[in-house]
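This report concerns only the one structure given below.
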Amino acid sequence: MMQTLDPSPLAETTSVSPVTLESLAGVWKRTLLVEADGSRDDTSTVYWLQLGSICGDIRLTADRAANGTSAFAGSLSERDGIFRWSPEIAQGIPADADPDEGTLKWEGGILREDGVRRPYLEHWQCAATPSPEDYALRFHDDRECLDGYLIRIADFGFYACRPRSGASPCFALLRATAKGWAVAEALSETLHPGQPFVWPEIARTIASAPGLAGCKFGESSVVTFERMPVRNEVAP
């Protein structure tokens, strides 16, 4: 049975508007985690990027070494009000972990998530919303022998890749700066905060080609591409 944790009075301001995949398009920063035992975490750096069904998530504890540091890229789906995050590339998440499922609802300006498989509560605050130029893609690059994800929303980005050699996967939260894109946070052996980031050629190619899905580039790369309209956009 699903348990609900309620550490704040925000429940009184719950919106009746349903949460949909389209309404989740954007960058979300976690402001609070409450576990089943009542312990709270409001110091970890946690970001979740969502566009279409594609998502990326990075979680770094305050000391960057304690349990709880993890990252993943994959997909989000919804059925009967239950949202399921399905990692394809992950680090710090046990392979035999229960499915990551939760319910979502609006409480004022906060997106509240309650766990389904185990009791927990998270508060998420929107940090950025997408424009028509933003996109998310998953790619399989036979030439480079790796699989990965790329998400760009406003001045945020997310990069995940998994070498087929068996080496550790790489995750990075990216931010646009006056000098170009840079790594803001990372769970990686090769990327580090402050390091410049150059978007892979496959991303630079697809960025100017809206409406693509499941496209093949040459003989070495296959991409699943998603782009969504601006939230609350009104058709002319």
Nearest-0.5 Å distance, [atom1] of residue [X] to [atom2] of residue [Y]:
| X | Y | atom1 | atom2 | value |
| --- | --- | --- | --- | --- |
| Asp41 | Thr43 | CG | OG1 | 4.5 Å |
| Glu185 | Phe171 | CD | CZ | 15.0 Å |
| Leu150 | Phe158 | CG | CZ | 10.0 Å |
| Glu78 | Ser53 | CD | OG | 13.0 Å |
| Leu49 | Cys55 | CG | SG | 9.5 Å |
| Thr103 | Asp80 | OG1 | CG | 13.0 Å |

With a 4.0 Å cut-off on N to O distance, would you call [X] and [Y] a salt bridge?
| X | Y | value |
| --- | --- | --- |
| Arg175 | Asp155 | yes |
| Arg59 | Glu122 | yes |
| Asp42 | Arg40 | no |
| Glu88 | Arg162 | yes |
| Asp100 | Arg84 | no |
| Arg138 | Asp147 | no |

Can you find a heavy atom in the side chain of [X] that is under 4.5 Å from one in the side chain of [Y]?
| X | Y | value |
| --- | --- | --- |
| Leu21 | Leu76 | yes |
| Leu111 | His123 | no |
| Trp85 | Asp57 | no |
| Ile54 | Ser75 | no |
| Ser23 | Trp106 | yes |
| Leu60 | Leu173 | no |
| Leu104 | Leu24 | yes |
| Val34 | Ser39 | no |

Residue from Trp28, Trp48, Tyr47 passing ring-ring contact (aromatic ring centres under 6.0 Å, His included) with Trp124: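 Between Trp124 and the candidates, ring-ring contact (aromatic ring centres under 6.0 Å, His included) is satisfied uniquely by Trp48.
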Glu113/Arg30 under salt bridge (charged side-chain N to carboxylate O under 4.0 Å, His left out): CA gap, chis, key distance, verdict: CA-CA 10 Å; Glu113 176 185 342; Arg30 195 182 75 188; over 6 Å; no
Side-chain ([X]) to main-chain ([Y]) donor-acceptor, under 3.5 angstrom:
| X | Y | value |
| --- | --- | --- |
| Gln50 | Gly52 | yes |
| Asp114 | Val116 | no |
| Ser188 | Thr190 | yes |

If you take all heavy atoms of Ala71 and Ile93, which pair is closest and at what distance? O-CD1, 4.3 Å
Show the nearest heavy-atom pair for residues Pro169 and Ala90, with the distance to one decimal.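 For Pro169 versus Ala90, the nearest heavy atoms are CG-O, 3.7 Å.
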Any chance you could lay out the side chain to side chain contact (heavy atoms under 4.5 Å, CB included) test for Cys126 and Val27, step after step, and finish with the verdict? CA-CA 6 Å; Cys126 187; Val27 180; over 6 Å; no
For the residue pair Tyr149 and Tyr159, is the inter-centroid distance of their aromatic rings smaller than 6.0 Å?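 So the answer is no for these two rings.
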